[in-house]
Amino acid sequence: MGSGASKNTEEEEDGSHGGGGQLYVSLKLENSKVEGELTPHVYGSVPLVGSWDPSKALPMLRESASMSELSFVVPPDHETLDFKFLLKPKYRNTPCIVEEGENRLLTGGSLRGDSRVALFKLEGDVIVEFRVFIKADRVSPFDLAASWRAYRENFQLSTVRGIPDVSINPDSSAFENCPSESLELDLEHYEVPAPAPSAHSSLVYAADNAENPRSLSASGSFVNDNTPKAASNSPKDSDVSVDGSPSAKEMKVIVPDSSDTYSVSGVGESKSVGILSPLQQKDGQRGLFVDRGVGSPRLVKSVSAGSFLVDLKPDAQTKNSMPAAAGAVAAAAVADQMLGPKEDRHLAIVLVGLPARGKTFTAAKLTRYLRWLGHDTKHFNVGKYRRLKHGVNQCADFFRGDNPEGVEARTEVAALAMEDMIAWMQDGGQVGIFDATNSTRARRNMLMKMAEGKCKIIFLETLCNDERIIERNIRLKIQQSPDYAEETDFEAGVRDFRDRLANYERVYEPVEEGSYIKMIDMVSGNGGQIQVNNISGYLPGRIVFFLVNTHLTPRPILLTRHGESMDNVRGRTGGDSVISESGKIYAKKLANFVEKRLKNEKAASIWTSTLQRTILTASSIVGFPKVQWRALDEINSGVCDGMTYEEIKKNMPEEYESRQKDKLRYRYPRGESYLDVIQRLEPVIIELERQRAPVVVISHQAVLRALYAYFADRPLKEIPQIEMPLHTIIEIQMGVSGVQEKRYKLMD
Ligand SMILES: Nc1ncnc2c1ncn2[C@@H]1O[C@H](COP(=O)(O)OP(=O)(O)O)[C@@H](O)[C@H]1O
Ligand SMILES: O=P(O)(O)OC[C@H]1O[C@@](CO)(OP(=O)(O)O)[C@@H](O)[C@@H]1O
C-alpha cells in the first residue's frame, strides 16, 4: 500500500490570481475495511486542529464508504503544521486511537518527509492501515468560491443535498443503471389487507366510540353494552346493540369505498397527562410533572384511592399510575394549568348545533388529535346516553320542544353525561368533549351551572348554510346512526330525520354567551369562517388552530418508508446511508405507482425527510413538487446512531433494557423518544389536514408509526410497536365519512 501527495506547482501562475492566493488543502484517509464506528480525526499543534487536545480534534468527513476527508484553507506561507491522525470510537467511551509513528509535518501545503500510510493499533494489537492522500491547490478567493461550489456539486451527497428544499422534477438519473420497474396496470393487484383495526377503530358510528355512562352497571338505569337488546320505551325499539355495527342498508350516498374504516374517535385508553391531580398539587410537586422521557427526572405519582372507580377497562390502574403520555404535554400547556385559575385546568368543549351539522364528527376528530398529542381527552356523546336509556329508535316527536316528557328525558341524559364528564375530570381528566345539540340557552345555562368552579367551558358551534351539504349529511346520518339502524325504508328514515331537524330548528338559539368558537360553513369548499370569542390559553389556541386547518375535501395521503437503505441491510439504526439495489427498485416502482395513482392529481406533492434514503426514494417521481421536511427525519437515536440493536444490547445493556421496558417514552442519550417525535410531527399533521390535494409522505419507520397512529386513531402506547413494513404504501383516504385505509405492497 502506498500513500500519495500532490502539490500545486504552478505557484507563479498567471497574474490574474495575483501573488496572494490561498492554499486549499485536502487530507484524505482511505481504508475499505474499517466500518463506521471509528471516525478518523486530525489533531495537531495549532488551535485550528485542537492544539494536541484529542477532544478538540477535527473530524474528517466521510466521503464514501472507504474514504474520509478533511479540507481547509491556509495561506501559502503558513507556519508548519505538526499533526497526527487519530480514530475516535463513535459510540463507546473508550480512548481515541492515535496513529503510530512520528508527527506529520505540513509545510507549504505538502507533507514534509515521508508521506507514509497511517497505522493504528486497535484492541488485541490488531494493526489497521489507511492510505494517506494530500492535495494542495493554490487558488484565488474567486477560484476558491467557485471550486467550493464545484466540489459540493461533485461530492457524491450533493446530488441529493444540493437540491433546494422545494423542487420540481429533479433529475432522476440517480439510478441510471437501475432497470425501469413497471407495475401491472391494475393497482389493486398490489393491494394487501390492512392489519386488524384496534378495538376502538372499526366500522361504527363515531358516537358509539364515545364514553359509556359511569353508572352503566351500577344503577341499572342504563343498559350494558354487552346486553344484546337496548332497553327502550319506544315503539321503535330494536334488537340492535347500540355499540354494534348498524345493520347493512341500501347505499344512498356515494362515499369513497373502503377496505378498512377508522371511525374518527376511540374509547381507547385514556392517557392522563398534563393535569395535576389534587394530590399532586398538595405534594407541591407540580413543577416536576412534565416528564419528557424515561431518562428525565420523574414524579413518583401517588394516586388517590377514588380515582377511576367506575373505569371499566382492565388496565385502568396501570394507566393511572403511569400516564403513557406524560412527556407529550407541551411546557406551555403545563404553564397554563399551573398559573391559571383552578377550573381552567380542565377544559370542556361543549358542542352546539342542529342535527347533521358535523358535531359528532368534529368531536371525534378533536378527541383523536388531542389524545395523539398526549392530552387526556374523552368524548361524551349525549345521543349515546339517550340511546342507552331510552332506546335506539325514538321518532321525531321525542325531539319536539313542546313535548314535556321528551324535553325532560333529554335534559336528564344530558345532565347525566355532564355529571360523568365532570367526575372524570375530577379524577384527573383534562379535556372533555361534550357532544349534543345543546341548542337552547336554557340547556347551556344548565351546563354552565354544573361546570361552575370545576372546569372551563368553551362552546363549539357548527353552523352550515349549504342545503346540499345538509342533505348529504342527513343521508349519511341515516346510514350511520344507530337511531336508524332498524329502519329498512331509507327514505322513511330521511323523512323522520328531517322532522327531527325541524323540531330543533324551532327552538334553536345560536351561541352568544361565554367563550365560544363558531365554525361557519367550514365544509362548503369556499373556506368558510371561524369566529372566536373570549378564547385564550394554550390548549384553546391549539384547538382553534386545528379547527381552522381541517376540512372534508376528500383526498388520499400516501405513507411509505424509503426504499431499503444500506443501513437497513446492515441492521444499523439511524444513519444517513443511501438506498440498496432493492431500495432503488422500490423507488422506481413507487414512482410508477404514484404516476398511476395520482395521474389526474396535478396539485399533489411529495414530502420527504432531509435524509438521503427518502430523497433518493423520491428521486424517480416526476411531475410533482417535492418538499423536504426536517420534521420527517427518523427518530434521532443519539449516541446509538449507526449501531445495530445487537451492539446496543452488548455495549449499552442498560439503555437497551430501558428501551425494551418503555419504548414510547425512552429517550436515546442525546437523541429522541417516540413522544419527542410525536411533538415535532404536530406541524406535519396540521399541514396534512390543511392540504386539499393528495400528499405522498416518504419517511421512516418511527415517524410513520407516529403519523399513522394519528390517522388510524391508535393509542399512544401502541405506537412504537406498529408494523411499518418496507416497500409498502399505506393509503389513507380522508373524506366526509372519516378516515379509511388501503395498503399496497409493491415488493418484498
Ligand atoms: N363543520 C361541518 N359542517 C357541516 N358538515 C360537517 C361538518 N363537519 C363534518 N360534517 C359532515 O357532517 C356529517 C354528519 O355529521 P355528524 O357529526 O354525525 O352530525 P351531528 O353530530 O351534528 O348530527 C359528517 O359525516 C361529515 O361528513
Ligand atoms: O423504534 P425502532 O423500532 O427502533 O424503529 C426505528 C428505527 O427504524 C429504522 C430502521 O431500523 O428506520 P428507517 O430505516 O425507516 O429509517 C432506524 O433508522 C430507526 O432507528
Side-chain angles (χ1 to χ4, degrees), residues 203-210 246 251-256 258 261-265 349-369 379-387 394 396 399 410 414 417 433-439 459-485 493-494 496-498 500-505 508 511 517-531 543-544 546-555 689 733-740:
L203 261 167
V204 292
Y205 181 48
D208 290 341
N209 283 330
M251 288 287 277
K252 297 285 175 171
V253 185
I254 298 165
V255 291
S258 67
T261 299
Y262 290 102
S263 65
V264 285
S265 173
I349 301 291
V350 173
L351 274 296
V352 177
L354 289 166
R357 284 349 193 234
K359 295 183 300 301
T360 298
F361 185 97
T362 307
K365 189 162 186 172
L366 198 52
T367 305
R368 175 164 63 103
Y369 168 71
H379 175 189
F380 293 81
N381 176 273
V382 175
K384 182 171 187 178
Y385 277 64
R386 167 183 49 82
R387 281 186 282 274
Q394 297 295 342
F399 302 94
R410 288 190 289 124
I433 306 208
F434 189 82
D435 172 17
T437 53
N438 302 315
S439 50
F459 294 115
L460 173 56
E461 185 175 16
T462 58
L463 295 152
C464 178
N465 300 307
D466 186 328
E467 284 305 324
R468 280 169 314 146
I469 288 174
I470 296 170
E471 186 58 28
R472 183 193 68 193
N473 289 354
I474 292 174
R475 290 177 169 270
L476 275 168
K477 288 290 270 197
I478 308 306
Q479 272 178 35
Q480 296 176 340
S481 171
D483 284 352
Y484 296 94
V494 170
D496 181 78
F497 193 81
R498 284 213 185 94
R500 183 196 295 196
L501 233 170
N503 287 335
Y504 274 102
E505 268 164 345
Y508 190 76
V511 178
I517 305 168
K518 280 179 192 267
M519 298 172 71
I520 306 167
D521 291 330
M522 289 292 286
V523 298
S524 64
N526 305 323
Q529 55 167 305
I530 289 218
Q531 286 175 6
I543 290 170
V544 172
F546 176 72
L547 295 173
V548 167
N549 286 295
T550 59
H551 58 84
L552 293 183
T553 308
R555 77 277 186 197
E689 285 286 354
Q733 181 67 42
M734 308 279 282
V736 291
S737 50
V739 178
Q740 295 156 12

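Order of listing sets the numbers, starting from 1, for every ligand and every atom in it. Only this structure's heavy atoms are used, side chains among them; waters, hydrogens and symmetry mates stay out.
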Heavy-atom nearest option to atom 22 (O) of ligand 1, drawn from Lys359, Met519, Gln480: Lys359
Residue-ligand contact Pro355/ligand 1, heavy atom below 4.0 Å: yes
Per-atom contacts of ligand 1 with Leu476, taking only distances under 4.0 Å to non-hydrogen atoms: 25 (O), 27 (O)
Ionic contact status for Arg386 with Asp483, cut-off 4.0 Å: yes
Electrostatic pair Arg498:Glu471 at N-O distance under 4.0 angstrom: yes
CA sep, side-chain torsions, deciding dist, call: His379, Asn209, side-chain hydrogen bond (donor to acceptor under 3.5 Å, both in side chains): CA-CA 8 Å; His379 175 189; Asn209 283 330; over 6 Å; no
Nearest-option assignment for atom 23 (O) of ligand 1, heavy atoms, candidates Arg475, Lys477, Glu461: Lys477
Region of Leu354 engaging ligand 1 - heavy atom pairs below 4.0 Å: backbone
Non-hydrogen atoms of Thr437 and Lys359 that approach each other most closely: CA-CE, 3.7 Å
Shortest heavy-atom approach to atom 21 (O) of ligand 1 - which of Thr362, Val352, Asp466, Thr360: Thr360
Plane angle bin for Phe399 and Tyr504 - parallel if under 30°, tilted between 30 and 60°, otherwise perpendicular: tilted
Test side chain to side chain contact (heavy atoms under 4.5 Å, CB included) applied to Phe546 and Val548, Ile543, Thr550, the passing residue: Thr550
Any Ala356 heavy atom less than 4.0 Å from ligand 1: yes
Separation between CD1 of Ile349 and CG of Asp435, rounded to the nearest 0.5 Å: 12.0 Å
Contact partition for Val523 relative to ligand 1, non-hydrogen atoms under 4.0 Å: side chain
Val736 neighbourhood, listing ligand 1 atoms whose heavy-atom distance to it stays under 4.0 Å: 24 (C), 25 (O), 26 (C), 27 (O)
Atom indices of ligand 1 within 4.0 angstrom of Phe361 heavy atoms, with elements: 8 (N), 9 (C), 17 (O), 24 (C), 25 (O), 26 (C)
